[in-house]
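Written out below as C-alpha cells is the structure these notes cover.
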Amino acid sequence: MGMPQLELLAQRNTRGIENNSRNHPFQANFETLNMQRGLDSQLELSRPLLLQMMILMATAPPPKFSLPLIDKKSRGKHSFQSKYVFFSNKPYPKFDPLTPNLHFSYDTVLTPASPAQAKEKKITDWNTKIYEVCEMGNIHKAIELLYMSPKTEIESRTYCSILQLSAELKSLQDGKKVHSFICSSGISIDSILGSKLVFMYVTCGDLREGRLIFDKIRNEKVFLWNLLMNGYAKIGDFKESVYLFREMLDFGVEVNSHTVSCILKCFAALGSVKEGKWVHGFLLKLGFGSYNAVINSLIAFYLKIRRVDVARKLFDELSDRDVISWNSMISGYVANGFSEKGVELFKKMLFLGVDVDLATMVSILQACANCGDVSLGRAVHGSGVKANLHWKTTFCNTLLDMYAKCGVLDGAIRVFDLMGVRTVVTWTSLIAAYAREGLSDEAIRSFHEMDREGVSPDIFTITTVLHACACNGSLENGKDVHNFIRENDMRSNIFVCNALMDMYAKCGSMEDANSVFLEMPVKDIISWNTMIGGYSKNSLPNEALSLFGDMVLEMKPDGTTLACILPACASLASLDRGKEQIT
DNA sequence: ATAGGGTTAG
C-alpha cells in the first residue's frame, strides 16, 4: 500500500477511534494512545509511523481465531453443503440413476411411483435415509431411524455417518447409543468402523472407551495414533502420550508432522530435554523442517525449556513465519523474563504488517505489566477495543491485571466493572489488585462478593485472599478463609497450606500456623521457611531453632532459611548456634 | 477428509 493511502486510512481510523471512545465504555481515546515509553525508546521506528501502524492493526478485519468457532457451529445446520466424511472413498450413490433399485432414483424424487411402491422404498432404504438425515445434521432423527430399522440391513458406513455426526456435535450420549446398536447388530467391527468409533469417543472426551477399541483394532494408520496421543496430551496425561509414541515406533507406524508436534508438546511439558532434542535431530535427518507447525512446536519446546537463544535461531531461520511463530516467540520472551525483547519483536511484527491476534495482545499486555509500561498497555487496550477483542474474557483479564500491576487501580476496576463475563480469573485478579495496593478490606469484600455471585474460588483465589489477610493482619478474616478451605477440602494443597501458615504467622498466631503445619501431608522448603521465619518474627527464637533442628533432618536449608534463622540466633545471643548454622 | 503449533491469576 502506498504512503498516501496509508495516511488516508490512518486518518479515517483515527476518527474511528475517536468515535469509539465516545461510545465505548473503555474510553480508549486517542490521547491514551501515546506510546512514549513503549515505542519511542527504540529509534528504529518513528513514532508517527508506529502510531499509524497501531491504528492499522486495530482496524484489521476481525481476527481469524473467531472464524473457526462460527464455522463449527454452523456446520450441520447448513445441511446440504456439509459433507460428512467416510473412510470409504466411494461417495454415497444417492440420486444415482444407474442404481435405481438400491437408492432413491431421480424417478422417485421427480415422478413419484405409486404410493405403495414409494412406501416400500422408504422402508427398505434405511441406509440412504439415515445418511440424508445425517447430512442435515439431525442426530435425533438419525438415531430414531436407526432404532426403527431392521438391524441386519444397516451397512457399516451408515454407522460411520452417524458416528461422525455424533463426534461433530460432541454428543457422547448419541455416539454410545450407536455403539451399542452396532454391538447388538452383530456386525463385525472392522478397521474402518473401529476407527470411526475411536474418533467419536476421543472427540467426545471418553478416552478410556476410545482406547479400548483402539487396542482391539490396532493398526498402522497414523491418524488414530495421533488422535489418541493428542487426546492424552489434552487432558495433561503426557506420560501416556509418550508411552503411545514409543509403542507407535515399535509398531512400525510412520510418524507424520502431527505426531511430531504432539510429542514435542509432551516432552516440553514433562521437561524431557534430551528427548526433545532427539526429536530435533530426528527432524533434521528426515527433513521435516518444511512444515511450519513442526518448527513452531520446536520453537515452543525450546522456549519452555528456557533455551531462548535456540528458539530465536529457529525463528530467524524460519522462512514463512505465521502469527503462531511470532506469538510463540513473543510469549516465550515474556515467560522467560525478557519482556522488552518481546515488545521489540511485537514492534517488528507491526512493522512487517503481520496480523496480530488475541494471543499476541495477551502476551504484550503481560509484557507491559512486567515492565510497568502502562503507556503501551493503553495503546494495546485501544487497539484491542478497535479489533473487538474486549468481548474476549482472556483479553480483559490480562488487561485488568496489566493495569493493576502498573499501579493503575482505577483502570483495573473500570475494566472489571465493564466486563460482561467474569470468571474466577477475573475475580482473582481484582482481589490481587486490591491486595497489591494494601486495600485488604476491599480484597476480602470482593472475595465474599464473588461467592455471592456464584463463582467458586480456586487455589489461586485462596492464596491471593490469604495474602490480603496477611498484609492486613486480620486474623478474623483469615480464619473465615480457613473455614472455607476446610469446607471445600483444599487442605491437601501445598500452596494453600503455605499461604495459610504465612497468614497466621503474620497475624501473630503461631499456634494456628503450627496446627496447619502438622497436618500437612507433604511439606516443601517454603513450608519450613515460613514456619521458622514466623517463629523468628514473632519473637519465639527457641521454637525457631528447634524447628530448624527438625528441618535439617529432612531437607537441605537454603539461603532463605538462614535469613530466617539468624535473627533468632541473634536474639538468643547464641553465637555458637549461629556459627553452627553457617558452617 | 478427519487432527497439530502460540493465549489470563499465586
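The shown structure was predicted, so the numbers you read here are calculated from the model rather than taken from an experiment. Chain letters run A, B, ... following the sequence lines, proteins first, then strands; residues in each count from 1.
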Just checking A:R436: base, sugar-phosphate only, or nothing, at a heavy-atom cut-off of under 4.0 Å? sugar-phosphate
Looking at every strand, decide which applies to A:N226 at a 4.0 Å heavy-atom threshold: base, sugar-phosphate, or nothing. base
Cut-off 3.5 Å, side chains only: do [X] and [Y] have a donor facing an acceptor?
X: A:D502; Y: A:T530; value: no
X: A:R157; Y: A:Y131; value: no
X: A:S527; Y: A:D524; value: yes
X: A:Y232; Y: A:R211; value: yes

Could you check whether A:K265 makes a cation-pi contact with A:F301, meaning its NZ or CZ is under 6.0 Å from the centre of the six-membered ring and within 45° of the ring axis? no
For the side chain of [X], starting at C-beta, report the closest nucleotide among [options].
X: A:L227; options: B:dA9, B:dG10, B:dA3; value: B:dA3
X: A:S261; options: B:dG6, B:dG4, B:dT8; value: B:dG4
X: A:A359; options: B:dA9, B:dG4, B:dT7; value: B:dT7
X: A:T464; options: B:dG10, B:dG6, B:dA3; value: B:dG10
X: A:S429; options: B:dG6, B:dA3, B:dA9; value: B:dA9
X: A:I459; options: B:dG10, B:dT7, B:dA9; value: B:dG10
X: A:V323; options: B:dT2, B:dG10, B:dG6; value: B:dG6
X: A:K405; options: B:dT8, B:dG6, B:dG10; value: B:dG10
X: A:H258; options: B:dG4, B:dT2, B:dG10; value: B:dG4
X: A:V362; options: B:dA3, B:dT8, B:dG10; value: B:dT8

Carboxylate-amine/guanidinium contact A:K176 A:D174, below 4.0 Å: no
Examine [N]: is either OP1 or OP2 under 4.0 Å from a nitrogen or oxygen in the side chain of [X]? Give yes or no.
X: A:K392; N: B:dT7; result: no
X: A:K221; N: B:dT2; result: no
X: A:Q366; N: B:dT7; result: no

[N] [atom2] sits how many Å from [X] [atom1], rounded?
X: A:L389; N: B:dT8; atom1: CG; atom2: C1'; value: 14 Å
X: A:N397; N: B:dA9; atom1: CG; atom2: C1'; value: 8 Å
X: A:L224; N: B:dT2; atom1: CG; atom2: P; value: 15 Å
X: A:F346; N: B:dG6; atom1: CZ; atom2: C1'; value: 15 Å
X: A:I192; N: B:dT2; atom1: CD1; atom2: C1'; value: 14 Å
X: A:L365; N: B:dG6; atom1: CG; atom2: C1'; value: 15 Å
X: A:W326; N: B:dG6; atom1: CH2; atom2: P; value: 18 Å
X: A:F245; N: B:dA3; atom1: CZ; atom2: C1'; value: 16 Å

Could you tell me whether the side chain of A:S331 has a donor or acceptor atom within less than 3.5 Å of a complementary atom in the base of B:dG6? no
Donor-acceptor pair (no angle test) under 3.5 Å: A:N256 side chain, B:dG4 base: no
